[in-house]
Amino acid sequence: MPLSARLPRFLLAALLLALPTAPVAAAQWTDDVPARLAGTWTDQVPARLAGTWTDQVPARLAGTWTDQVPARLAGTWAEEGADCDDPDSRLLIFSDGGYRWRLSVTKWGLARGQYRYPNSQARRIEFRLRRFFQTSDAADYILILDGADLKKVNPSGRTTKVYRRCR
């Protein structure tokens, strides 16, 4: 039976930590290219790829993520067909740093996040939920403004809801 099976784990860990270790030599780094690799890498773009890539940012990504809500979006929006003054109507209230939603008089929620839009008059606005670890630059919701109408699109859930501006 091996020693690790007979000893409790904490005692085995203590024994392993107490073992002397040999010093490890520092790694030797060099910028020299070995002869066998010389001439195999290049910074030149092959002719077949020339002109296929661009450094220009697509228009939909022109803005950067910000807490500032665009003026056109700020305020209260009621779900299509609902009355803004009805206490049980579903609402979205957009402000800096995120938005609140109301499902009924006693059911409220808050989504903290950031907006991305190319300019203050943008028709399409992206919203990203604030997470402890941002793993992606993708938007969680796409908000499309069309006059007094707002479409809230959830790309991952493939759902769309329509809202109307309140006053």
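On a predicted model such as this, the values are computed, not experimentally measured, just so you know.
- At least one donor-acceptor pair closer than 3.5 Å links the side chain of Tyr115 to the backbone N or O of Gly98.
- For residues 139-149, the pairs satisfying salt bridge (charged side-chain N to carboxylate O under 4.0 Å, His left out) are Arg131-Asp140, Asp149-Arg164, with sequence neighbours left out.
- Taken together through direct or relayed side-chain contacts under 4.5 Å among Ile, Leu, Val, Met, Phe, Trp and Tyr, Leu129 and Ile142 form parts of separate hydrophobic clusters.
- Distance check: Arg116 CZ to Leu143 CG gives 12.5 Å after rounding to the nearest 0.5 Å.
- Not counting sequence neighbours, Tyr163 has no partner by the ring-ring contact (aromatic ring centres under 6.0 Å, His included) test.
- Within the structure, the ring pair (Phe, Tyr, Trp, His ring centres under 6.0 Å) test picks out no pair touching residues 128-162 (sequence neighbours left out).
- A donor-acceptor distance shorter than 3.5 angstrom exists from the side chain of Trp108 to the backbone of Val105, with no hydrogens or angles considered.
- The structure places CD of Gln68 at 12.5 Å from CG of Leu73, a figure rounded to the nearest 0.5 Å.
- Both Val69 and Trp101 are assigned to one and the same hydrophobic cluster, defined by single-linkage of ILVMFWY side chains at heavy-atom distances under 4.5 Å.
- Atom CZ of Arg124 is separated from atom NZ of Lys151 by 12.5 Å, given to the nearest 0.5 angstrom.
- The aromatic ring centres of Tyr99 and Phe127 sit less than 6.0 Å apart.
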Taking it one step at a time, do Ser89 and Arg102 satisfy side chain to side chain contact (heavy atoms under 4.5 Å, CB included)?
-> CA-CA 8 Å; Ser89 64; Arg102 182 180 79 184; 3.1 Å; yes
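- Residue Ile93 holds its CD1 atom at 10.5 Å from CG of Leu110, rounded to the nearest 0.5 Å.
- Taking OG1 of Thr159 as the reference point, atom CG of Asn154 lies at 4.0 Å (rounded to 0.5 Å).
- No continuous path of ILVMFWY side-chain contacts below 4.5 Å connects Phe94 to Leu91, so the two sit in separate hydrophobic clusters.
- The heavy-atom pair separating Leu145 from Ala122 by the smallest distance is CD1-O, 4.1 Å.
- One finds the CG atom of Leu103 at 5.0 Å from the CZ atom of Arg90 (value rounded to the nearest 0.5 Å).
- Within a 6.0 Å sphere centred on CZ of Arg130, heavy atoms belonging to other residues, nucleotides or ligands number more than 12.
- The two residues Arg165 and Trp77 come nearest to each other via the heavy atoms NH2-CZ2, 3.1 Å.
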